[in-house]
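This report concerns only the one structure given below.
Read the numbers this way: they start at 1 and go in the same order the structure lists the ligands and their atoms. What's counted below: heavy atoms across the whole structure, side chains too, no hydrogens, waters or symmetry copies.
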Amino acid sequence: MHSLLIPLLRILSDGKFHPGTHLAAQLSVSRATVCNVLKQAEPLGIHLHKVQGHGYQLPIAPNWLDAGQIQADLHGEARQIEMIVLNETRSTNTDLLNRHVTASPLVCLAAEYQTSGRGRRGKQWEATLGGSLTFSVRWISPLGIAALSGLSLAVGVAVRRALQRCGVEDARLKWPNDILWQDKKLAGILIEVQGESMGPAIVVIGIGINVQLPDDVRANIDQPVTDLHEITGHSIDRNHLLAEILNALHDILLEFAVNGLSRLRHEWSEWHAHNNQWLNITLADGKTINGIARGIQASGALLIELPDGQQLALHSGEVQRARRTDSVEVA
Ligand code: BTN
């Protein structure tokens, strides 16, 4: 994507006609550059009108991210979160891991477009211009890395609370940290940490939410997915949703810094997508086991009841709901 595409689309977002010469003058480029750059809009699902003698018009503008609007919706101490919005970057997680540390304990970096968005387990994170919400929050945590094991579950609780405040009922939590709706993935969380095991840690919490994904993007994703438009039947204000997530995340991080996951366990389990269900679990060594999900520990480990009645605390692994025909033997 050309670096001038989003600046041009932002100018056109007033819905009025803008002659190519005016756009070119505003960005100090040639008219031909404006014309070439705007040709990239259509393949990204953004429809422009071009009328001889009038110029370009954007009839339906994306709901652009706006740092001022996000900050205006923050409450109480969450107002101290430093907010940065970029048009384009590689990955908001990578950016925050490399960005110099300032006095703010919490910095949020949101991007309209990521060229190398990263998901868990080395996967690419699929997102589209205006159709996704992609951002990361850097937390200078008083806790050492060793104490952060349940953090991704706590972040899931914050995202679910915020979704509910924005009218998304019944979003569920998949262990360890996916957000599902009717068993389809709505959002993902990628947490990366730097620091000493006992000392303060730099924690980067990356969150990607499907807002309105075009069919061709859905087709690239190797699991069932959903988006906010499908769930609610209308467009969601991404600035408001991001602010609500930051409000909820601020509260959750304060709670987690003092009590870890212990007081959030109950809420997590209440919204667990797979509680008391048979699961297939793929372990890090590739082995698969079956068992019934029986809640979580304060460390964030998932408790699995094996077919022989023994309980296993699972610290890593990929879970899938078992089909009725799946074997229930421990491999
Ligand atoms: C997952 O695989 O479920 C985690 C997805 C996390 C994606 C988000 S988008 C914002 C942040 N920047 C990244 O590169 N990844 C995370």
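Look at R90 and you'll find every heavy atom at least 4.0 Å from all atoms of ligand 1. Residue contacts with ligand 1: Q114 is included, with a non-hydrogen atom under 4.0 Å away.
Contact annotation: the side chain of H47 never approaches that of P59 to less than 4.5 Å [non-hydrogen atoms, C-beta and beyond].
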Q.
As a quick check of understanding, evaluate side chain to side chain contact (heavy atoms under 4.5 Å, CB included) for H315 and S149, giving each step before the final call.
A. CA-CA 9 Å; H315 295 275; S149 62; over 6 Å; no
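Counting heavy atoms under 4.0 Å from ligand 1, residue K185 touches it through the side chain alone. Within the 4.0 Å heavy-atom criterion, the part of I189 lying near ligand 1 is the backbone and not the side chain. Contacts with ligand 1 closer than 4.0 Å are made by backbone heavy atoms (N, CA, C, O) of I207 only, the side chain lying farther away.
Between W268 and H272, the two ring planes are tilted [angle within 30° to 60°].
Considering backbone and side-chain atoms together, S116 places no N or O closer than 3.5 Å to any N or O of ligand 1. Note: no N/O pair closer than 3.5 Å links W125 and ligand 1 by distance alone.
Checked by atom type and distance alone, the side chain of R160 never pairs as donor or acceptor with a backbone atom of I179 at under 3.5 Å.
Defined by atom type and a distance below 3.5 Å, a donor-acceptor pair is present between the side-chain atoms of E82 and T102.
Summary of contacts: the protein heavy atom closest to atom 16 (C) of ligand 1 is R118 O, 3.7 Å.
R120 and E318 are joined by a salt bridge, as a carboxylate oxygen and a charged side-chain nitrogen come within less than 4.0 angstrom of each other.
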